[in-house]
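Single-structure report; data block below.
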Amino acid sequence: MNPSSFSKLPILLKPFLLSLLLSIFFLVFLATQSPLLRLKPPLHTPPSDGGGLRIRRGYTSYNAYIQRQLNKTLNPKLRKIWTTRDWDRKIKVFARVFHSLKQRNLISNDSKALSIGARVGQEVAALKTVGVSDAVGIDLVPYPPLVMKGDFHAQPFRNQTFDFEFSNVFDHALYPLKFVGEIERTLKPGGVCVLHVAVARQTDKFSANDLYSVQPLLELFKESELLEVRKVDAFGLDTEVVFRKKIKDYSY
Ligand SMILES: *[C@@H]1O[C@H](CO)[C@@H](O)[C@H](O)[C@H]1NC(C)=O
Ligand SMILES: *[C@@H]1O[C@H](CO)[C@@H](O)[C@H](O)[C@H]1NC(C)=O
Ligand SMILES: *[C@@H]1O[C@H](CO)[C@@H](O)[C@H](O)[C@H]1NC(C)=O
């Protein structure tokens with residue numbers, strides 16, 4: 001065998017193999033950086049009707065639904081965590097949220113404020129921390145003095161009571177239209193509603209609906225105008241949606 005053919009082969013192959021290896025590394029690197037691959041896939045398939053809001057099946061009656069919600073709210077382990085380890089951390093985050101809303105003139109010290117699905121009242125405490133002293137929460141289980149008993153499908157308040165309503169439990173509503181209808185009923189004209197929602201993301205097993213875009217909210221808030229949609233990072237919820245109840249013009 002001609003010894004020169006031996007030495008020639010590696011000389012030609014080496015740079016070729018090296019660049020092949022480098023290209024593969026580079027492609028793999030590019031692929032892992034691609035936003036398409038980094039995005040978490042939605043955990044539920046969006047509804048095919050394009051509705052963007054899906055009610056979870058499996059509740060045989062309204063009472064069964066309420067029992068399930070109560071199971072979470074009354075869970076002693078969870079309540080312990082909410083009132084101890086979670087308390088300061090949540091108040092800090094919510095105080096920042098409400099402070100920011102104040103700076104955007106969406107809430108003021110004089111606002112009469114409601115927190116819907118308030119659990120043990122961290123949001124109510126946070127409202128008071130930023131100076132909104134007339135604040136109260138509702139939940140299926142009361143936690144006085146911050147949270148009174150109330151079902152968000154049938155709020156225990158008269159029409160046009162509040163200047164401001166906040167909720168991060170929209171996903172728990174079995175009847176989203178009622179949930180929103182009650183907010184619009186109890187808000188004063190010109191009152192502001194702020195929702196924190198999860199869009200196309202896993203919520204929890206107590207959720208009663210899944211939201212795939214903010215579009216369904218625009219349809220549910222019939223008597224309000226959309227003011228803002230922004231990204232937030234608030235305990236698994238990623239989107240802040242702000243509505244203002246329209247002031248009806250009775251002048252004609
Ligand atoms: C509530 O929780 C209890 C015990 O944890 C369980 O036995 C019961 O089936 C649950 N009820 C519902 C409606 O989920
Ligand atoms: C609102 O309340 C906070 C906290 O009590 C206070 O520091 C602030 O000065 C008040 N703002 C106005 C405009 O009264
Ligand atoms: C309260 O508001 C609801 C819905 O907007 C309306 O149907 C109802 O008549 C109002 N009730 C009173 C007492 O004004």
Side-chain angles (χ1 to χ4, degrees), residues 53 55 62 66 87-118 120-140 143-170 172-196 208-209 216-228 232 234 240-252:
L53 176 67
I55 306 300
Y62 192 61
I66 292 288
W87 186 261
D88 289 335
R89 187 172 68 98
K90 289 229 165 158
I91 288 184
K92 210 168 127 192
V93 170
F94 285 123
R96 206 180 303 140
V97 166
F98 296 134
H99 180 72
S100 161
L101 291 169
K102 256 183 124 177
Q103 288 188 321
R104 280 134 69 201
N105 289 321
L106 296 167
I107 187 170
S108 76
N109 284 6
D110 302 327
S111 296
K112 188 170 173 63
L114 173 67
S115 161
I116 297 161
V120 294
Q122 295 109 328
E123 292 124 69
V124 183
L127 281 164
K128 291 176 189 279
T129 302
V130 302
V132 183
S133 53
D134 191 357
V136 72
I138 52 167
D139 210 314
L140 293 172
Y143 191 76
L146 298 180
V147 181
M148 55 186 283
K149 185 176 161 72
D151 178 353
F152 52 54
H153 288 127
Q155 283 190 25
F157 305 107
R158 304 170 76 106
N159 291 2
Q160 308 190 0
T161 301
F162 297 101
D163 302 292
F164 175 81
E165 300 193 22
F166 172 81
S167 188
N168 56 11
V169 300
F170 175 80
H172 289 237
L174 187 59
Y175 304 115
L177 189 58
K178 266 195 182 158
F179 180 95
V180 172
E182 282 296 88
I183 291 173
E184 290 191 322
R185 181 182 68 77
T186 55
L187 270 181
K188 295 176 189 170
V192 167
C193 172
V194 174
L195 297 183
H196 282 180
N209 69 64
L217 293 174
L218 309 192
E219 285 149 34
L220 292 169
F221 277 84
K222 294 189 174 80
E223 295 178 33
S224 309
E225 56 173 339
L226 178 71
L227 293 187
E228 290 180 3
V232 284
E240 181 174 273
V241 192
V242 183
F243 289 94
R244 189 192 295 282
K245 184 175 167 181
K246 286 175 191 158
I247 300 170
K248 291 207 176 84
D249 186 357
Y250 294 107
S251 60
Y252 54 90

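Read the numbers this way: they start at 1 and go in the same order the structure lists the ligands and their atoms.
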Thr186: which of Glu165, Lys245, Gln160, Arg158 passes side-chain hydrogen bond (donor to acceptor under 3.5 Å, both in side chains): Glu165
Protein residues that have a heavy atom under 4.0 Å from any atom of ligand 2, sorted by chain and number: Lys102, Asn109, Gly131
Contact atoms of ligand 3, heavy-atom distance to Asn159 under 4.0 Å: 1 (C), 2 (O), 3 (C), 8 (C), 10 (C), 11 (N), 12 (C), 14 (O)
Lys102: partners by side-chain hydrogen bond (donor to acceptor under 3.5 Å, both in side chains), with sequence neighbours left out: Asn109
Partners meeting side-chain contact (heavy atoms from CB on, under 4.5 Å) with Lys222 (sequence neighbours left out): Leu177, Glu184
Between Tyr62 and His153, ring centroids under 6.0 Å: yes
Criterion side chain to side chain contact (heavy atoms under 4.5 Å, CB included) against Leu114, the qualifying member of Phe166, Phe152, Phe157: Phe157
Which residues share a side-chain contact (heavy atoms from CB on, under 4.5 Å) with Ser167, sequence neighbours left out: Ile116, Val169, Phe179, Leu195
